[in-house]
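Some notes on the structure that comes next.
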Amino acid sequence: MSDTFTIKEISKLSGLSEDTIRYYEKIQLLPPAKRKDNGHRFYSSTDKDIMSLITCMKKTGMSLNEMKPFLLLSQEGDIQLDPDLYNLLQTDKEKIEVQIKGMQIILEFINNKLKKGEGFGKTFYAE
């Protein structure tokens, strides 16, 4: 069994708690874990990739229910064959791009203040 992980190992690798992994299996966001003869769960690299995808999707603000069709499709097919899912993911992508642009503006502002050695001044606290 090369490239298999215990729940403790996959938890560390994925950044998801063991309880979260069990919960995601229970609500069928993750496929059921394979079991050893002693009943202990073990996970594959594919499982780790799915957990990474879930983590990414969570960061976009997507709900667990919204993720399910994407996760099924990512395992079984091509998203371009499902126009509704494709459009939903495209909308999420555009939303993330707007968020990134907003964060880049903030970062540029901070970098300029750091370069000039200036404080933030009273502009944020104007009366």
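The main-chain N or O of Ile27 is found under 3.5 Å from a side-chain atom of Lys68 such that the two form a donor-acceptor pair. For the pair Glu66 (side chain) and Ser63 (backbone), a donor-acceptor distance under 3.5 Å is present. Not a single donor-acceptor pair under 3.5 Å links the side chain of Asn112 to the backbone N or O of Phe109. A donor-acceptor pair under 3.5 Å is formed between the side chain of Ser14 and the backbone N or O of Ile10.
One finds the CG atom of Leu29 at 11.5 Å from the CD1 atom of Ile21 (value rounded to the nearest 0.5 Å). Rounded to the nearest 0.5 angstrom, Met57 CE and Ser52 OG are separated by 12.5 Å. Summarising the geometry, atom OG1 belonging to Thr60 is positioned 8.5 Å from atom CG belonging to Leu89; distances are rounded to the nearest 0.5 Å. Within the model, atoms CD1 of Ile105 and CD1 of Ile110 stand 12.5 Å from one another, a figure rounded to the nearest 0.5 Å. Atom CD of Glu9 sits about 11.5 Å away from atom NZ of Lys48, to the nearest 0.5 Å. Note that CD1 of Ile54 and CG of Leu64 are 8.0 Å apart. Values are rounded to the nearest 0.5 Å.
Of the N and O atoms on the side chains of Gln90 and Glu94, at least one donor lies less than 3.5 Å from an acceptor on the other residue.
In this structure, the salt bridge (charged side-chain N to carboxylate O under 4.0 Å, His left out) partners of Lys93, at least two apart in sequence or on a different chain, are Glu97. Legend: residues meeting salt bridge (charged side-chain N to carboxylate O under 4.0 Å, His left out) with Asp19, ordered by chain and number and at least two apart, are Arg22.
Taking 4.5 Å as the limit, some side-chain heavy atom of Lys95 sits within range of a side-chain heavy atom of Asp92. The side-chain heavy atoms of Glu18 and Lys8, taken from C-beta on, include a pair separated by under 4.5 Å. Residues Tyr43 and Met51 have side chains in contact (heavy-atom distance under 4.5 Å, counting atoms from C-beta outward).
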(message) Does Phe5 form a side chain to side chain contact (heavy atoms under 4.5 Å, CB included) with Ser11? I'd like the steps, not just the answer.
(response) CA-CA 9 Å; Phe5 310 95; Ser11 174; over 6 Å; no
(request) Please assess Lys34 against Arg41 for the test side chain to side chain contact (heavy atoms under 4.5 Å, CB included), listing each intermediate value before the final yes or no. (result) CA-CA 6 Å; Lys34 296 169 194 72; Arg41 290 173 164 88; over 6 Å; no
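The number of heavy-atom neighbours closer than 6.0 Å to NZ of Lys12, taken from other residues, nucleotides and ligands shown, is 12 or below. For Asn38, the CG atom sits in a packed shell: over 12 heavy atoms of surrounding residues, nucleotides or ligands are nearer than 6.0 Å.
Between Phe42 and Asp47, the shortest heavy-atom contact is O-OD2, 4.5 Å. Across all their heavy atoms, Met67 and Met62 have their closest contact at CE-O, 3.4 Å. Closest approach of Pro31 to Glu25, counting heavy atoms only: O-CG, 3.8 Å.
Here Ile100 sits in one hydrophobic cluster together with Ile96; the rule is ILVMFWY side chains under 4.5 Å apart, joined directly or through other members.
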